[in-house]
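Position 1 is the first residue of the sequence; numbering continues from there.
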Amino acid sequence: MNKISIIGAGSVGSTIAYTLTVQGVASEIVLIDINTAKAEGEALDILQGTPLCSPCNIYQGSYEDAKDSDIVILTSGIARKPGQTRLELAQTNVNITKSIIPEITKHAPNAFYIIVSNPIDVLTYTFCKLSGIPENRIIGSGTTIDTSRLRAKLSECYNVSQNNIHAYIFGEHGDSSFVPWSLANIAGVPIAECSKFFGTEELNYEEIETFVRTSGAQVIQRKGATFYAIAVSVCHLCEQILHGIDTVLPVSTMMHGEYGVDDVCLSTLNLVGKEGVRCKVNVPLTEEEQIKLRKSADALKEVIKSLDI
């Protein structure tokens, strides 16, 4: 029996609930939203499909109903509008998160917390500082989705299965993120040597990174919101925690001096499993990559300094 509570029943929260149900990740899901009618409708719509997939009890509830949750997922907040950066949402969504923290942690003190609302890194930092929950149980979904976007793009470029591609996005889930290309490979072949095996021209790394950074904005511009890819990435994260499969993922966690970065949350590689974040996997980065990571950290710190946390 796995119980997951989702705070926020908007496009992202409800799509996560749907994906968790279809994939059979959770047996009980609580949808919590200030708009109770919306949460009720989403829960009912998903519930009525469960006889044809994995059994799951999904319902609208309150913070009290989150008791004994294994995982709590935070998707609440104001959504990003076309042309708006994630960081421009910061103070509004920090305030919403600050109001939620005491309510939810009172009823689910032993849960793992996955932060999905934007700006993810700032809100993960806020949760770490104010919640009293151990840091290993606070995980920002971070650049898991950006990494998925990168792998999808590289798969398209090289016409090879996404499963053979190993590459990551580090740093902020936002404009200062970057690809540590020194780690990127396809089936063990360093990315710089892949064109000779997979029959494609040399990649323009800068173009690839720009594509990944702007993918979310491009989707928002075309359809108003992003929710399918983030739902799949969050469900993947839940599965690793619930099933105890230690997996290396680029998630946002509090930094304590790794790569010269301290007192900020951003994405590097972490070993995630039944203990939440078991440890950071401090893979070697080039000096240039470490500089990019520190610049990303500094960009986030500047925002944090301007906020009332």
Side-chain angles (χ1 to χ4, degrees), residues 1-7 16-17 19-30 54 56 66-75 104-105 108-117 120-121 123-125 127-128 131-151 162-171 173 180 183 185 229-259 261 265-285:
M1 297 289 288
N2 296 318
K3 180 176 180 179
I4 297 179
S5 293
I6 302 172
I7 303 177
I16 290 172
T19 310
L20 287 169
T21 304
V22 171
Q23 292 186 356
V25 176
S27 54
E28 182 177 356
I29 299 173
V30 186
S54 300
C56 180
K67 182 182 178 184
D68 299 325
S69 292
D70 296 290
I71 296 174
V72 174
I73 302 170
L74 273 72
T75 74
I104 189 61
T105 56
N110 300 315
F112 294 96
Y113 284 83
I114 300 177
I115 315 301
V116 183
S117 306
I120 288 171
D121 304 291
L123 298 183
T124 303
Y125 180 86
F127 210 93
C128 285
S131 69
I133 301 295
E135 287 180 4
N136 69 297
R137 290 199 272 119
I138 302 171
I139 305 170
S141 60
T143 60
T144 303
I145 183 173
D146 306 278
T147 294
S148 182
R149 288 167 172 159
L150 171 66
R151 290 177 177 177
Q162 293 95 330
N163 293 334
N164 294 136
I165 295 171
H166 304 280
Y168 307 95
I169 300 286
F170 274 33
H173 174 56
L183 303 178
N185 69 85
I230 185 62
V232 173
S233 63
V234 171
C235 289
H236 181 69
L237 185 50
C238 290
E239 193 167 21
Q240 313 319 308
I241 294 170
L242 293 174
H243 296 169
I245 307 168
D246 284 345
T247 304
V248 177
L249 291 169
V251 292
S252 184
T253 56
M254 185 67 76
M255 301 294 286
H256 295 286
E258 298 85 2
Y259 305 110
V261 176
C265 291
L266 46 66
S267 291
T268 58
L269 296 185
N270 290 263
L271 192 61
V272 179
K274 64 183 178 181
E275 298 172 18
V277 176
R278 189 148 70 82
C279 66
K280 286 184 169 61
V281 181
N282 297 322
V283 291
L285 299 177

Only one of V116, V234, L20 passes side-chain contact (heavy atoms from CB on, under 4.5 Å) with I6, and that residue is L20
Correct closest heavy-atom pair for H173 and D121 would be N-OD2, 2.8 Å
Note: C238 and I73 closest approach over all heavy atoms is SG-CD1, 3.8 Å
Rounded to the nearest 0.5 Å, the CZ atom of F112 sits from the CD1 atom of I4 at a distance of 11.5 Å
Audit row: I114, I71, side chain to side chain contact (heavy atoms under 4.5 Å, CB included) steps and yes/no:
CA-CA 7 Å; I114 300 177; I71 296 174; 3.8 Å; yes
- May I ask you to test the Y168-L150 pair for a side-chain heavy-atom distance under 4.5 Å? no
* Atom NZ of K67 with >12 non-hydrogen neighbours under 6.0 angstrom -> no
**OP:** Output yes when a side-chain donor or acceptor of T124 lies under 3.5 Å from a complementary backbone atom of T253, and no otherwise.
**Re:** no
Nearest heavy-atom contact between V283 and Y259 is O-OH, 2.6 Å
To the nearest 0.5 Å, atom OG1 of T143 lies from atom CZ of F170 at 7.5 Å
Without hydrogens or angle criteria, can the side chains of S27 and K3 be said to hold a donor-acceptor pair below 3.5 Å? no
Within the 3.5 Å criterion, strictly below it, is a donor on S5 or S69 matched to an acceptor on the partner's side chain? yes
Given the rule in the side chain to side chain contact (heavy atoms under 4.5 Å, CB included) test, do R278 and N136 qualify, once you have shown the distances and angles that lead to the verdict? CA-CA 7 Å; R278 189 148 70 82; N136 69 297; over 6 Å; no
Verdict with reasoning, V25 to N2, per side chain to side chain contact (heavy atoms under 4.5 Å, CB included): CA-CA 8 Å; V25 176; N2 296 318; 6.0 Å; no
Task: Any side-chain heavy-atom pair of Y113 and T105 under 4.5 Å - done: yes
Practice prompt. State, yes or no, whether a side-chain contact exists between I169 and R149 at a heavy-atom distance under 4.5 Å.
Written response: no
Review point. Side-chain contact, heavy-atom cut-off 4.5 Å: T247 with L237?
Key: no
Check the pair K280, L271 against side chain to side chain contact (heavy atoms under 4.5 Å, CB included), reporting the backbone distance first and the verdict last. CA-CA 6 Å; K280 286 184 169 61; L271 192 61; over 6 Å; no
Any side-chain to backbone donor/acceptor pair from N270 onto T268? Under 3.5 Å, distance only. yes
Worksheet item: Is the shortest heavy-atom distance from the side chain of L74 to the side chain of L123 under 4.5 Å?
Response: no
Taken to the nearest 0.5 Å, the spacing of D246 CG from E275 CD works out to 7.0 Å
Tightest non-hydrogen contact, residues V72 and A108, listed as CG2-CB, 4.1 Å
Closest non-hydrogen atoms of S252 and S267, given as atom of the first, atom of the second and distance, are N-OG, 3.4 Å
Look at the side chain of T144 and the backbone N and O of G142, then say whether any donor-acceptor pair between them is shorter than 3.5 Å. no
In terms of heavy-atom contacts, I29 and A17 come closest through CD1-O, 3.7 Å
E258 side-chain N/O to H256 backbone N/O, donor-acceptor pair under 3.5 Å
yes
- Query: Do R137 side-chain atoms and P109 backbone N/O form a donor-acceptor pair below 3.5 Å?
  - Reply: yes
Separation between CE (M255) and CD (E135), nearest 0.5 Å, reads 11.5 Å
Distance col, row R151:CZ vs N164:CG, nearest 0.5 angstrom, shows 11.0 Å
Item to complete: Find out whether L269 and L249 are in side-chain contact, i.e. whether some heavy atom of one side chain is under 4.5 Å from a heavy atom of the other.
Response: no
When rounded to the nearest 0.5 Å, the distance separating CD1 of I139 from CD1 of I115 is 9.5 Å
